[in-house]
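Encoded as structure tokens, the structure appears first; notes follow it.
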Amino acid sequence: MSIKATAVAPANIAFVKYWGARDLVRALPMNRSISMTLRECVTRTTVEHVSGEGADEVFVRTPDGPMAQAGGDFLRRAVEHLERIRSLYGCGGRFRMATENSFPSAAGLASSASGFAALSLAATRAVGVPLEPRELSRLARLSGSGSAARSAFGGYVEWPSGWTDDEDHASALDSAEGWDLRDVIALVELGEKPASSLEGHRRAVTSPHYAARQHELAARLDAVRDAIARRDLTALGPTIEEEAVELHLIAMSSRPPIFYWRPGTLVVLEAVRGLRERGVGAWATMDAGPNVHVICSPQDEEAVARHLATLPEVRRVIRDGVGPGPRLGAEHLF
Ligand code: DP6
């Protein structure tokens with residue numbers, strides 16, 4: 001007998017970043033983080049639970065179209081997570097899974113956050129275990145991709161630092177309907193990044209600026225929470241831009257340093273400042289990669305997207321915005 005389930009789960013962009021961990025295996029962060037769930041950048045994953053012995057099979061949509069057997073780090077992490085689900089929920093058997101992203105996977109656009117949220121939801125449904133969003137958040141986090149904990153919810157999401165048991169999952173601050181914000185993503189580089197987030201977390205604590213960051217974070221978290229509650233973009237914008245620059249300052253001053261920014265990153269940051277000088281309310285944030293997420297209101301989205309697309313350094317612009325949490329899908333991938 002076999003049961004198949006498909007889940008669609010969103011990526012998210014952090015407004016206050018998870019950077020540095022107390023426990024990297026279980027993804028227990030040093031600090032709280034807050035993110036916005038994305039609507040267009042999603043992962044679709046189908047998982048089938050098959051009775052009997054045998055190895056799990058993992059397929060992934062390749063950039064040129066067809067599904068192919070997964071390999072490398074992705075295969076290892078997916079199989080580890082499937083094994084975790086088998087052991088947590090006491091089900092034997094084996095899994096077959098296929099997955100695809102709606103966005104370029106190697107572009108540092110949090111594909112592991114949406115990927116592990118989708119895998120966790122589809123696999124638990126395939127074994128007949130319905131999870132509450134906070135249980136899904138906890139399970140997705142155990143994959144080792146901490147930001148996946150936030151992809152279990154739609155809208156605006158906070159993930160505590162997990163110092164107590166009831167803090168080891170994220171929760172929603174506001175729904176997507178509560179505040180319509182847009183994220184115009186300027187892709188300046190499509191290749192692999194120079195160091196994984198995992199490596200970045202590991203090195204973060206070696207930066208001489210890391211301790212100072214921890215002191216500043218409580219006030220910054222309050223400011224972001226407050227701006228979301230008041231739906232105040234002019235308060236949110238400068239805070240998230242400052243936060244993103246600080247993440248990169250920590251990365252660049254880690255030992256050894258990591259430079260995620262590329263020349264195109266600086267060009268986009270300059271363009272965003274230029275837009276603001278012309279009265280467009282747009283602010284930039286970047287995760288551990290060179291690409292820039294420009295946060296703005298629906299009224300300014302067109303002007304932002306058009307301007308960024310004229311920059312020769314920008315390879316592609318993705319128009320995204322705040323969106324719902326994970327859901328089950330009727331269309332299976334196999
Ligand atoms: C800079 O360990 O969750 O995006 O497994 O690559 O998704 P991946 O990374 P993870 O760290 C995320 C780091 C970050 C900031 C953030 O999303 O909070």
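Just so you know, ligand 1 is whichever comes first in the structure, and atom 1 is the first atom listed for that ligand.
Within the 4.5 Å cutoff, side-chain heavy atoms of R96 are placed close to those of V50. Side-chain atoms of L328 and R125, non-hydrogen and from C-beta on, do get closer than 4.5 Å to each other.
Where the criterion is an N or O separation shorter than 3.5 Å, residue side chain and backbone included, H201 meets it with respect to ligand 1. Considering backbone and side-chain atoms together, S112 places an N or O closer than 3.5 Å to an N or O of ligand 1. On a distance-only criterion, G146 and ligand 1 share at least one N/O pair closer than 3.5 Å. Among the atoms of K193, none of the N or O lies under 3.5 angstrom from an N or O of ligand 1.
Residue-ligand proximity, A14 to ligand 1, at heavy-atom distances under 4.0 Å covers atoms 16 (C), 17 (O), 18 (O). Contact atoms of ligand 1 toward A288: 1 (C) (distance under 4.0 Å to a heavy atom of the residue). Interface of K17 with ligand 1, defined as ligand atoms under 4.0 Å from a residue heavy atom, comprises 15 (C), 18 (O).
Within the set R150, H248, R141, the minimum heavy-atom distance to atom 16 (C) of ligand 1 is found for R150.
At least one donor-acceptor pair under 3.5 Å links the side chain of T124 to the backbone N or O of L121. A donor-acceptor pair under 3.5 Å is absent between the side-chain atoms of Y18 and the main chain of H201, judged by distance alone.
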Just list the side-chain donor-acceptor pairs under 3.5 Å for residues 274-281, sequence neighbours left out, or say none.
unit_1 : atom_1 : unit_2 : atom_2 : d
R276   : NH1    : E241   : OE1    : 2.9
R276   : NH1    : A282   : O      : 2.9
R276   : NH2    : E241   : OE2    : 3.2

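Looking at S147 against ligand 1, both its backbone and its side chain come within 4.0 Å, counting heavy atoms. By the criterion of a heavy-atom distance under 4.0 Å, the side chain of S197, and not its backbone, is placed next to ligand 1.
Results of the side-chain contact (heavy atoms from CB on, under 4.5 Å) test with V268 over N291, L187, V314 single out V314 as the only residue that passes.
With no hydrogens or angles considered, no side-chain donor-acceptor pair links S161 and R32 at under 3.5 Å.
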